[in-house]
Amino acid sequence: MHRRIAHPGLQNLVMSAEQAAAMIRPGMTVAMSGFTGAGYPKAVPGALAAQMEAAHARGEDFQIKVLTGASTAPELDGVLAKAGGMELRLPYQSDPTLRKRINDGELEYIDIHLGHVAQYTWFGFYGHVDLAVIEVVGINEDGSLIPSSSVGNNKTWIEQADKIILEVNLQQPEAMDGMHDVYYGTALPPHRKPIMLVNPDDRIGEPYLRLDPEKVIAVVETDAPDRMTPFAAPDETSQQIAGHLLDFFDSEIKAGRLTDKLLPLQSGVGNIANAVLAGLSTAGYTGLTAYTEVIQDGMLHLIRDGVIRVASATSFSLSPAGIEEFNSNIDFYRERIILRTQEISNHPELIRRLGCIAMNGMIEADIYGNVNSTHVAGTAMMNGIGGSGDFARNGFLSAFMSPSTAKGGKISGIVPMAAHVDHTEHDTMLIITERGLADLRGLSPKQRARTIIEKCAHPDFQPLLQDYFDRASRESFGKHTPHLLDESLSFHHRFVETGTSLPATAGL
Ligand code: 0RQ
């Protein structure tokens with residue numbers, strides 16, 4: 001009976017998800033656990049969505065503000081979005097139902113660097129946190145909590161919320177106990193101190209989340225898996241992109257700017273990231289480190305094979321096969337993986353000190369190297385900036401990768417002017433498509449434009465971009481970063497009007 005709840009007082013608070021959800025009231029700001037489909041509450045959000053739908057059917061308003069670590073899953077973002085139950089959501093999300101509601105203008109979505117969320121909450125920028133709903137592996141006798149498959153912002157949520165609902169998920173392996181490192185040394189300015197982490201595998205905190213049991217109003221037991229996105233083997237385009245990056249690493253080693261141990265890797269999620277990781281393995285690297293946000297299947301394989309010696313992150317994002325591999329060898333992985341709070345995994349001070357190599361996806365880059373990670377046609381939200389900005393601005397290297405076209409060749413990934421900028425030209429060093437790699441380090445805007453058009457653009461769009469740049473270089477108001485302002489967003493405009501950024505006839 002309640003074997004994962006060792007605290008006697010909290011055993012008395014075990015109840016159903018419906019009973020717990022009934023304590024969440026309209027208008028509340030509710031902070032929930034969860035980061036890239038891992039460690040999110042599995043039962044309370046669904047029960048809450050049902051109560052919201054019933055209220056809506058009675059003609060009553062019932063919406064809440066939802067703060068998380070990053071993306072969650074259909075059982076959280078999906079159900080609450082379907083019920084029309086969110087008036088505000090932050091930060092990163094990737095749920096199709098939620099994305100549609102955001103792009104239909106039905107709720108407020110705030111996209112924030114993942115490393116900023118905790119401190120902005122502490123600063124009071126998001127107002128008062130009424131309640132936290134947090135998934136954990138177990139509750140110790142003293143009330144401290146064994147974190148789950150993501151740590152995310154849980155430390156901050158537990159400290160900031162007035163009241164707490166805990167979900168104890170029996171399906172999360174108890175053997176994760178000891179894997180986490182929760183840092184309690186953060187303070188508010190002007191009282192901040194240096195964070196004494198100098199290696200990716202340094203432990204600077206505690207394995208458990210501290211808890212004031214008096215704040216807990218409900219404990220719900222669940223037995224359900226994380227989202228577990230299936231793992232797709234990297235396609236040819238991703239492999240080509242990865243190949244360019246790996247060749248670049250080779251040349252950097254030859255030039256003496258990197259060693260064969262590289263520097264701590266940060267890797268986004270998805271096909272290209274997996275191809276890069278797989279490529280590191282075939283290229284013969286060993287003993288590397290990762291200081292990143294998410295451990296995906298590709299990284300697990302590298303740890304298993306000794307390519308990566310140790311990985312620090314805030315979350316897992318594994319496929320069913322990845323979970324199986326992890327669970328079967330958990331004692332091995334516990335020694336080699338550290339899960340931290342996201343304010344530490346994504347901390348600018350630490351990313352800069354360690355000299356991370358940041359490798360992230362993008363929607364588009366413009367010819368000057370401004371990168372859009374988030375918006376289609378400058379107006380429709382895809383997912384969010386995630387941690388890409390935390391790492392890109394502060395890393396030793398920052399690479400942004402994408403196929404040179406999207407939607408079957410109809411849209412160019414290289415555009416005259418980015419319709420939304422997440423990473424400015426000052427933060428982007430490498431732009432990579434399957435066509436090639438543009439190394440922008442030490443280049444002026446016009447030199448960057450020539451390099452990006454030559455190395456990265458798809459042949460269907462290259463002449464259009466070259467023509468734009470040539471004419472802009474002659475006719476632009478200012479000649480430092482030449483643009484033709486009435487044409488600069490023509491690729492996007494044409495896509496919105498006709499479904500493709502290719503013109504019906506030649507020329508812009
Ligand atoms: O949409 O599936 O509907 O066709 O964007 O694109 O090529 O599958 O690539 O999965 O790597 O995602 C930037 C979105 C790339 C991701 C982005 C459409 C394309 C497809 C996905 P469909 P792909 P990926 C670590 C770091 C920001 C957060 C981040 C991302 C869909 O990498 O969210 O970096 N990054 N986090 O068709 C119109 C274009 C397009 C386009 C792509 N130019 N125009 N649609 N798409 N380019 C993780 C965390 O921080 C948690």
Side-chain angles (χ1 to χ4, degrees), residues 7 10 29-36 38-41 66-70 72 90-92 112-126 128-140 142-169 172 176-189 191-193 195-197 202-216 219 291 293-294 312-316 337-350 387 390:
H7 185 279
L10 294 180
T29 295
V30 182
M32 305 221 196
S33 61
F35 196 107
T36 51
Y40 55 90
V66 178
L67 326 183
T68 66
T72 63
L90 68 84
Y92 188 85
I112 311 151
H113 296 297
L114 293 180
H116 282 172
V117 180
Q119 69 160 359
Y120 285 178
T121 308
W122 280 101
F123 294 167
F125 294 175
Y126 307 132
H128 192 75
V129 181
D130 298 297
L131 202 132
V133 187
I134 309 290
E135 179 182 281
V136 295
V137 164
I139 305 173
N140 296 317
D142 63 358
S144 63
L145 303 170
I146 307 168
S148 185
S149 47
S150 68
V151 184
N153 286 317
N154 293 350
K155 167 189 170 289
T156 293
W157 299 157
I158 287 167
E159 289 175 324
Q160 286 275 301
D162 290 341
K163 295 176 178 159
I164 297 165
I165 296 173
L166 296 172
E167 283 199 7
V168 179
N169 186 350
Q172 298 287 8
M176 274 199 294
D177 187 346
M179 233 175 164
H180 310 88
D181 189 64
V182 185
Y183 181 63
Y184 278 90
T186 50
L188 298 184
H191 305 292
R192 282 190 167 157
K193 300 262 170 18
I195 299 170
M196 299 309 286
L197 182 147
D202 285 349
R203 286 185 171 272
I204 56 171
E206 307 167 12
Y208 305 126
L209 290 155
R210 297 177 191 167
L211 175 79
D212 172 3
E214 294 296 313
K215 286 213 239 177
V216 179
V219 180
Y291 195 81
E293 297 153 304
V294 184
S312 163
T314 191
S315 159
F316 285 105
I337 295 175
I338 302 171
L339 294 187
R340 310 179 189 276
T341 59
Q342 75 191 63
E343 64 182 328
I344 295 298
S345 68
N346 287 37
H347 202 293
E349 173 189 336
L350 306 177
D390 296 318

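Note that the structure is predicted; figures quoted are calculated from it, not measured.
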Nearest atoms (heavy-atom pairs only) where [X] meets [Y]:
{"X": "Pro207", "Y": "Gly178", "answer": "CB-CA, 4.3 Å"}
{"X": "Val182", "Y": "Thr341", "answer": "CG1-CG2, 4.0 Å"}
{"X": "Gly39", "Y": "Ser149", "answer": "N-OG, 3.0 Å"}
{"X": "Ser315", "Y": "Thr36", "answer": "OG-OG1, 2.9 Å"}
{"X": "Ser148", "Y": "His180", "answer": "O-NE2, 2.9 Å"}
{"X": "Ala313", "Y": "Ser345", "answer": "C-CB, 4.2 Å"}

Within-4.5 Å side-chain heavy-atom neighbours: [X] and [Y]:
{"X": "Tyr40", "Y": "Thr68", "result": "no"}
{"X": "Lys155", "Y": "Thr186", "result": "yes"}
{"X": "Glu343", "Y": "Tyr183", "result": "no"}
{"X": "Asp162", "Y": "His128", "result": "yes"}
{"X": "Phe35", "Y": "Leu114", "result": "yes"}
{"X": "Ile338", "Y": "Arg203", "result": "yes"}
{"X": "Leu67", "Y": "Val117", "result": "no"}
{"X": "Val136", "Y": "Ile146", "result": "no"}

Between [atom1] of [X] and [atom2] of [Y], what distance do you get to the nearest 0.5 Å?
{"X": "His347", "Y": "His116", "atom1": "NE2", "atom2": "NE2", "result": "9.0 Å"}
{"X": "Glu293", "Y": "Leu339", "atom1": "CD", "atom2": "CG", "result": "12.5 Å"}
{"X": "Asn153", "Y": "Glu159", "atom1": "CG", "atom2": "CD", "result": "11.5 Å"}
{"X": "Asn140", "Y": "Leu209", "atom1": "CG", "atom2": "CG", "result": "10.5 Å"}
{"X": "Leu145", "Y": "Ile158", "atom1": "CG", "atom2": "CD1", "result": "5.0 Å"}
{"X": "Ile112", "Y": "Phe125", "atom1": "CD1", "atom2": "CZ", "result": "11.0 Å"}

[X]: partners by side chain to side chain donor-acceptor pair (under 3.5 Å), with sequence neighbours left out:
{"X": "Thr121", "answer": "none"}
{"X": "Asp130", "answer": "none"}
{"X": "Thr29", "answer": "none"}

When you measure from the side chain of [X] to the backbone of [Y], do you find a donor-acceptor pair of N or O atoms at a distance under 3.5 Å?
{"X": "Asp181", "Y": "Ile204", "result": "yes"}
{"X": "Ser150", "Y": "Thr314", "result": "no"}
{"X": "Lys193", "Y": "Gly185", "result": "no"}
{"X": "Trp157", "Y": "Met32", "result": "yes"}
{"X": "Asp390", "Y": "Gly115", "result": "yes"}
{"X": "Thr156", "Y": "Ala118", "result": "no"}

Apply side-chain hydrogen bond (donor to acceptor under 3.5 Å, both in side chains) to Ser33 and Glu135, showing your working. CA-CA 6 Å; Ser33 61; Glu135 179 182 281; over 6 Å; no
Residue pairs, two or more places apart or on separate chains, that pass salt bridge (Lys or Arg N to Asp or Glu O under 4.0 Å) and touch residues 113-122: none
Just to verify, what does Pro213 make a side-chain contact (heavy atoms from CB on, under 4.5 Å) with, not counting sequence neighbours? His7, Leu10
Students often mix this up, so state it plainly: with edges at 30° and 60°, are the rings of Phe123 and Tyr120 parallel, tilted or perpendicular? tilted
When you look at Tyr291 and Ile344, which way does the side-chain contact (heavy atoms from CB on, under 4.5 Å) test go after all the steps? CA-CA 10 Å; Tyr291 195 81; Ile344 295 298; 3.5 Å; yes
Counterpart residues, ring pair (Phe, Tyr, Trp, His ring centres under 6.0 Å), relative to Phe316 (two or more places apart): Phe326
